[in-house]
Structure formats: structure tokens, C-alpha cells
**Student:** 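Sending over a structure as C-alpha cells; questions will come in a sec.
Both counts, for ligands and for their atoms, begin at 1 and track the order of listing.
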Amino acid sequence: MSPLKTILRSARSRVTQVLGPRRLARLAAAGDAPIPVLFYHRVADTHPNDWTISSRDFERQIDFLRHSFEVIGLDEVQRRVRERDSRRPAVAITFDDGYAENCDFALPLLLRHGLPCTYFVALDHIESGRPFPHDAAAGIPLPINTAAELRDLANAGIEIGLHTRSHIDFSQPHGPAEIEREITTATPELSAILGRPVRHFAFPYGLPQQLGKAAIRAVAAAGLDGFCSAFGAYNVPGRDAFHIRRVHGDPDFARFRNWVQFDRRKLRHEPTIHYDLPRQHPSAATR
Ligand SMILES: [Zn+2]
């Protein structure tokens, strides 16, 4: 980064550090505090890659969150958005993919502090123990959580969610059979493995091009309470609550803090995701 860029960036970061919390407090007073939902993938200190954060950096972020925010679950995010009742700065924490190493440090840390978390897994990989193809191709076949680990996590209070059966990329051509396999039948199968209902869903990759109307309808028809995207947006009270917008748990602390303390510029660039729920769906009326 050029020296000028570095100076500008640190000046901007200082401004957001002061203005962000003030704006957030003002919005909270009106019940309108936007809620960031963070997504992480892998917390580990070996084989760093784009979807890994070190245990030290993760702990720093969690310490920051629990001292400055109320950490809530996805149900409560949806309730606050639906009822336009967001009166305290709050965040939620999620993980995607089900990397086994999260059981070493990250999840025990959250449980120790009593912080809610939703942990999204891809059914095929849990059942087969097969690493993700992108990890295998990189020569580092990172281990995946077992079904027994997920049951233990669920019993300890971590909510387990569905991240499709095969970690499908719905931006690629697909038909009703794939949607049925990846969402409709995978939901009860994961529930059976866990011995409890699965309630939340996260689209692999989670960019606008993956969030197709037919797949979203299948999420609702499977009885799931909502779907998560991952393109970087806030959950703004008063908007549709079935779509839970998420923000990357960026290992760069300044960028991470900028997002969670509320940067209103991010609202301007948010893409709109169009979808329709069955008329009788409880979330349909409030969209
Ligand atoms: Zn994923």
C-alpha cells in the first residue's frame, strides 16, 4: 500500500471509530440499530489461507465484541429486524463449512463466554469425512467435523445449520433435482443426525448470484427459518427478516471494527435480493 493510501486509511479508520459508535447509539435509541452477523470459516494457527483467522486474532475480535456489543443468536436478530426493536448495539456470530479445528479453540472460547453461535455444515462432508475439493487441490486436505462432534456442540448450545448437502455453487446451472437434494432432503437428514430440528440455512459462497428464487423458496418450504447470504451487508430493522445478511469476520482488525461499529457508507452499495415466500409463510406478511 502506498504511504498516502496508508495515511488516508488510518485517518478514515479513526473517523469511523468515533462516528460509528455515535451513529449506532443514535439509531439504537430509535430501535433501528443495524445488526452485523459475522461469518467465519476456520480458526487455526497452521496452514493459514484466505478463510483462516489465527486463534489470537479471533480471541481479540471476540473480546472486542463481548465488551462493546450484545452477542445474540440468529432468532433474536430476526425478531429485532421483524419488530423493528433493535435498541442496543448487537452482533451475531456464525461459521461456515464445519472445519474440525474449530473445536480446538474457537468454539470452546465462545461456549466459555456463553456466546451464541450458528455453525453451518455441508451434510455430505460431515457424513463422509471427505475434505473440501478446494482444500484437497491445494494439497492441504483440512479435516471436517464428525457427526458426533456436531451432536456434542449442539448439546453444549451451538446451533447447527445447513450449508447444503455438497457445498453446491448455485450460481452454476442447476435444476429442481439439485435443489431438492441440496436443501429439501438434506434438511431432515441433518436434523436426524443431530436429533433436533435444523432451523437455519446458509448459501455456499452467499453472493447475489447464488441466491436464486427457487432455492430460497425451497429453504422456506423445508421449514427453515431463514437463509444467510455472505456478500457483506447489515440487518436493518424493519426490512425482510427471512434473509439474514452477513459480514466477513475479517482478520484485519481495523476493517472488522469498521464493519461492526457501523459504517453507513456500506448501506449505499448493498445489492437487493429479490425473492418471494409462499403466501402462508409466517415471514411473507412482514416483507
Ligand atoms: Zn461454505
**Student:** Can you measure from CG (Leu190) to CG (Leu123) and round to the nearest 0.5 angstrom?
**Tutor:** 6.0 Å
**Student:** Is the distance from the ring center of Tyr119 to that of Phe95 below 6.0 Å?
**Tutor:** yes
**Student:** So that I know where these two stand, are Phe203 and Tyr205 an aromatic pair - ring centroids less than 6.0 Å apart?
**Tutor:** no
**Student:** Looking at Glu127, Glu182, Glu189, which one forms a side-chain hydrogen bond (donor to acceptor under 3.5 Å, both in side chains) with Arg165?
**Tutor:** Glu189
**Student:** If you take the centroid of each ring, where Trp contributes its six-membered ring, are Phe120 and Phe39 closer together than 6.0 Å?
**Tutor:** no
**Student:** Could you please tell me which protein N, O or S atoms lie under 2.8 Å from the Zn ion (ligand 1)?
**Tutor:** Asp97 OD1, His163 NE2, His167 NE2
**Student:** If you take the centroid of each ring, where Trp contributes its six-membered ring, are His41 and Tyr99 closer together than 6.0 Å?
**Tutor:** no
